[in-house]
Amino acid sequence: TFYLMGKMLKDTDIPVWREVSRKGHELGNHSVYHPCWAKPGAKKSEPCHALQCYSLKEMLLEIELMNAFLHAIDGKTERSYAYPCGKNVVGEEEIDYAKPMLEKGLVKSARSVYGGVVNKVEDIRMEMAPVVVVNNKMKAEELIPYVKEAIDKQGLCVFLFHGVGDNFHYT
């Protein structure tokens, strides 16, 4: 799965992502603006795209809008979602939008930035699928034990790479 943000899509990228989808890869939703949690004291921009500035309704609308963008690229209607900056809460009150997002049918699942191997696939919380975060210094030999554990436990292992090729970075 490649999780795309609306703010990063350019007209010239669309044929590339159509080809990626055509080859069988999922294009996942990573929101339009990739709102993160602003650090205390940080100056809020106008319009504000920090998670503290969003209401539950606004976050769900942004996810819905990104789904429409992705549908225009790949024609698909089912999506998975990756929480921007690993946060599934919005507003100063920190309202959790994970379950409302699934209940509204905006996505079929969402991945977290935490966790590791799941013991059984049926035990996965679809609003917070765990991942193994991979950084750019890790070698394949370090990832193989996670795969073996998933196989032994008849579970699931999701690797999170933050970028591809020269765009790879770990935050």
Side-chain angles (χ1 to χ4, degrees), residues 1-9 17-18 20-37 49-91 93-135 138 143-164 170-171:
T1 302
F2 292 90
Y3 290 100
L4 304 181
M5 302 176 288
K7 72 178 187 176
M8 71 179 237
L9 290 174
W17 289 116
R18 281 191 175 134
V20 167
S21 174
R22 192 189 67 69
K23 288 183 176 181
H25 297 282
E26 177 189 19
L27 302 184
N29 187 328
H30 200 33
S31 76
V32 175
Y33 294 106
H34 196 276
C36 288
W37 202 257
H49 293 295
L51 286 167
Q52 293 98 317
C53 298
Y54 280 70
S55 68
L56 175 61
K57 182 179 179 180
E58 289 167 328
M59 190 69 223
L60 296 179
L61 283 171
E62 182 167 321
I63 294 165
E64 192 170 13
L65 178 60
M66 189 62 198
N67 281 346
F69 288 165
L70 293 168
H71 180 264
I73 295 171
D74 66 9
K76 298 194 171 112
T77 56
E78 280 198 341
R79 301 272 166 227
S80 65
Y81 182 73
Y83 298 104
C85 299
K87 299 288 187 186
N88 59 306
V89 294
V90 294
E93 308 84 14
E94 298 189 27
I95 299 165
D96 189 334
Y97 68 91
K99 288 196 184 222
M101 175 180 63
L102 264 67
E103 288 167 357
K104 193 171 179 184
L106 295 176
V107 298
K108 61 183 177 185
S109 64
R111 67 125 178 99
S112 70
V113 294
Y114 313 103
V117 175
V118 172
N119 288 333
K120 293 182 181 177
V121 174
E122 56 267 16
D123 292 339
I124 296 173
R125 290 178 43 218
M126 294 311 289
E127 78 279 5
M128 198 63 70
V131 300
V132 175
V133 179
V134 179
N135 67 52
M138 292 177 86
L143 304 178
I144 291 170
Y146 292 107
V147 174
K148 288 182 178 179
E149 182 182 355
I151 292 168
D152 290 345
K153 293 181 176 179
Q154 296 182 350
L156 177 71
C157 183
V158 176
F159 292 114
L160 172 107
F161 294 85
H162 208 259
V164 179
Y170 178 74
T171 55

Shortest non-hydrogen contact from [X] toward [Y]:
X    : Y    : value
S112 : M128 : CB-SD, 3.3 Å
V133 : V113 : CG2-O, 3.5 Å
F69  : G6   : CD1-CA, 4.3 Å
S21  : K76  : OG-NZ, 3.1 Å
A50  : P35  : C-CB, 4.3 Å
V121 : L156 : CG2-CB, 4.2 Å

Would you say [X] and [Y] make side-chain contact, with heavy atoms under 4.5 Å?
X    : Y    : result
H34  : C36  : yes
N67  : E78  : no
V90  : S55  : no
M66  : S31  : no
V131 : Y114 : no
T77  : H71  : yes
V158 : V132 : no
V107 : L102 : yes

Separation between [atom1] of [X] and [atom2] of [Y], rounded to the nearest 0.5 Å:
X    : Y    : atom1 : atom2 : answer
L27  : L9   : CG    : CG    : 9.0 Å
E64  : N29  : CD    : CG    : 10.5 Å
L60  : L65  : CG    : CG    : 12.5 Å
I63  : L106 : CD1   : CG    : 6.0 Å
S109 : M101 : OG    : CE    : 8.5 Å
K104 : L56  : NZ    : CG    : 9.0 Å

(message) Is there a side-chain contact (heavy atoms from CB on, under 4.5 Å) between E94 and K87? Walk through the geometry before answering.
(response) CA-CA 10 Å; E94 298 189 27; K87 299 288 187 186; over 6 Å; no

Considering residues, nucleotides and ligands other than [X], do more than 12 of their heavy atoms fall under 6.0 Å from its [atom1]?
X    : atom1 : result
K148 : NZ    : no
Q154 : CD    : no
K57  : NZ    : no
K99  : NZ    : no

(request) Take W17 and R22 through the test side-chain contact (heavy atoms from CB on, under 4.5 Å) and record every step on the way to the result. (result) CA-CA 8 Å; W17 289 116; R22 192 189 67 69; over 6 Å; no

(request) Classify the side-chain pair S80/E26 by whether it contains a donor and acceptor separated by less than 3.5 Å. (result) yes

(message) Between E62 and Y54, do the side chains contain a donor N or O and an acceptor N or O under 3.5 Å apart?
(response)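 There is such a pair (donor and acceptor under 3.5 Å, judged by atom type) between the side chains of Y54 and E62.
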
(request) Examine R79 relative to Y3 and say whether NZ or CZ is less than 6.0 Å from the centre of the six-membered ring and inside a 45° cone about the ring axis. (result)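 No cation-pi geometry.
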
(request) Apply side-chain contact (heavy atoms from CB on, under 4.5 Å) to M5 and Y33, showing your working. (result) CA-CA 7 Å; M5 302 176 288; Y33 294 106; over 6 Å; no

(request) Mind telling me whether Y83 and Y97 have parallel, tilted or perpendicular rings, with 30° and 60° as the class edges? (result) perpendicular

(request) Kindly say whether A82 contributes a backbone atom to a donor-acceptor pair with the side chain of H30 at under 3.5 angstrom? (result) yes

(request) Mind running side-chain contact (heavy atoms from CB on, under 4.5 Å) on M59 and L61 for me, showing each step along the way? (result) CA-CA 5 Å; M59 190 69 223; L61 283 171; over 6 Å; no

